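Computed from a predicted model, the values in this text were never measured in an experiment.
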Amino acid sequence: MEKLRRVLSGQDDEEQGLTAQVLDASTLSFGTRVKWFAICFIAGVACSILGTALLWLPKGIKLFAVFYTLGNIAALASTCFLMGPLKQLKTMFEPKRLIATVVMLLFLVLTLCAVFWWNKKGLALIFCILQFLAMTWYSLSYIPYAR
């Protein structure tokens, strides 16, 4: 209906920029955004808890690092449903939280590198701990005066 109103009032889609067209085509209702946020966040927490439980298996450090990292990525991606992916990326790389974002992403990658390419399980555990601290620092960067 909105599209019909724009065409009838003389505002074609061609006058809109590409970004505006993409955002118009992919808008979700608030209820849908909250549901997918909750699903993605709960999946992230479940992966992190599962990874922690797998830590106690004989060769569980590799599974722990993978599930813990996937859990953090899912929890981070869940906020994309609330604010949208473009706004999420813009706020992640604002000057006041740029260092926290880069450090967090670096430890996500280093954890997986330590497990899969370097085969250093102790280093992977250290990177998981640093990953937790970096995620905490990143999360605190959204709270005014928390840093």
Side-chain angles (χ1 to χ4, degrees), residues 1-3 6 11 13-147:
M1 191 67 171
E2 179 66 29
K3 190 173 184 178
R6 274 188 267 150
Q11 295 177 333
D13 282 344
E14 294 173 10
E15 292 179 16
Q16 286 184 329
L18 180 64
T19 306
Q21 289 179 19
V22 169
L23 290 176
D24 282 346
S26 63
T27 56
L28 298 173
S29 70
F30 182 73
T32 304
R33 287 177 182 268
V34 170
K35 286 176 192 171
W36 280 104
F37 163 75
I39 289 169
C40 203
F41 187 77
I42 290 170
V45 170
C47 280
S48 295
I49 291 171
L50 179 63
T52 305
L54 293 173
L55 180 63
W56 308 112
L57 293 177
K59 294 196 178 204
I61 188 72
K62 190 179 264 191
L63 291 172
F64 165 70
V66 170
F67 277 101
Y68 188 75
T69 302
L70 287 177
N72 281 337
I73 291 171
L76 181 65
S78 69
T79 57
C80 286
F81 287 106
L82 290 181
M83 53 173 55
L86 292 177
K87 188 173 180 185
Q88 170 80 17
L89 288 174
K90 285 179 185 177
T91 57
M92 281 176 71
F93 291 100
E94 285 178 352
K96 63 183 176 184
R97 68 179 57 91
L98 179 65
I99 296 172
T101 300
V102 170
V103 168
M104 178 208 41
L105 294 174
L106 177 71
F107 284 124
L108 289 173
V109 171
L110 285 175
T111 301
L112 295 176
C113 287
V115 167
F116 290 116
W117 287 282
W118 306 328
N119 288 323
K120 304 283 185 185
K121 293 173 178 54
L123 193 59
L125 187 60
I126 291 170
F127 284 148
C128 281
I129 293 168
L130 292 172
Q131 189 182 129
F132 172 78
L133 295 173
M135 275 300 259
T136 304
W137 181 28
Y138 170 77
S139 299
L140 288 175
S141 74
Y142 282 91
I143 301 171
Y145 304 109
R147 294 176 295 136

In sequence, state the C-alpha distance, the side-chain angles, and the governing distance for Ser29 and Thr32, and then conclude on side-chain hydrogen bond (donor to acceptor under 3.5 Å, both in side chains).
CA-CA 5 Å; Ser29 70; Thr32 304; 2.8 Å; yes
Hey, mind stepping through Lys62 and Asn119 against side chain to side chain contact (heavy atoms under 4.5 Å, CB included) and telling me if it holds?
CA-CA 9 Å; Lys62 190 179 264 191; Asn119 288 323; 4.3 Å; yes
Applying side chain to side chain contact (heavy atoms under 4.5 Å, CB included), run through Ile129 and Ile126 and close with a yes or a no.
CA-CA 5 Å; Ile129 293 168; Ile126 291 170; 5.6 Å; no
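Listed here is the closest heavy atom pair of Ala134 and Met104: CB-CA, 3.7 Å. What you find for Ala65 and Ala124 is that their closest heavy atoms are CB-CB, 4.5 Å. Nearest approach of Asn72 to Met135, heavy atoms of both residues: O-CE, 3.6 Å. Minimum interatomic distance between Ala74 and Cys40 (heavy atoms only, all atoms of both residues): O-SG, 3.3 Å.
No side-chain heavy atom of Ile49 sits less than 4.5 Å from a side-chain heavy atom of Tyr68. In this structure, the side chains of Leu76 and Tyr138 come closer than 4.5 Å at one or more pairs of heavy atoms. Residues Lys121 and Val115 are not in side-chain contact: their nearest non-hydrogen atoms beyond the backbone lie 4.5 Å or more apart. Using a 4.5 Å heavy-atom cutoff, the side chains of Leu54 and Leu57 are in contact. Here the side chains of Cys128 and Phe64 are in contact, with some heavy-atom distance below 4.5 Å. Side-chain contact check for Trp137 versus Ile99: some heavy-atom pair is nearer than 4.5 Å.
The distance from the CD1 atom of Ile61 to the NZ atom of Lys120 is 14.0 Å, given to the nearest 0.5 Å. The CG atom of Leu130 sits 9.0 Å away from the CG atom of Leu110 when rounded to the nearest 0.5 Å. Once rounded to the nearest 0.5 Å, the distance linking CG of Leu63 with OG1 of Thr52 reads 12.0 Å. Note: Leu125 CG to Leu55 CG = 6.5 Å, rounded to the nearest 0.5 Å.
Using modelled atom types, no side-chain atom of Thr101 and backbone atom of Phe93 make a donor-acceptor pair closer than 3.5 Å. Between the side chain of Thr69 and the backbone N or O of Val66, no donor-acceptor pair lies under 3.5 Å. Between the side chain of Arg97 and the backbone N or O of Met92 there is no donor-acceptor pair closer than 3.5 Å.
Phe41 pairs by the ring-ring contact (aromatic ring centres under 6.0 Å, His included) definition with Phe37, not counting sequence neighbours.
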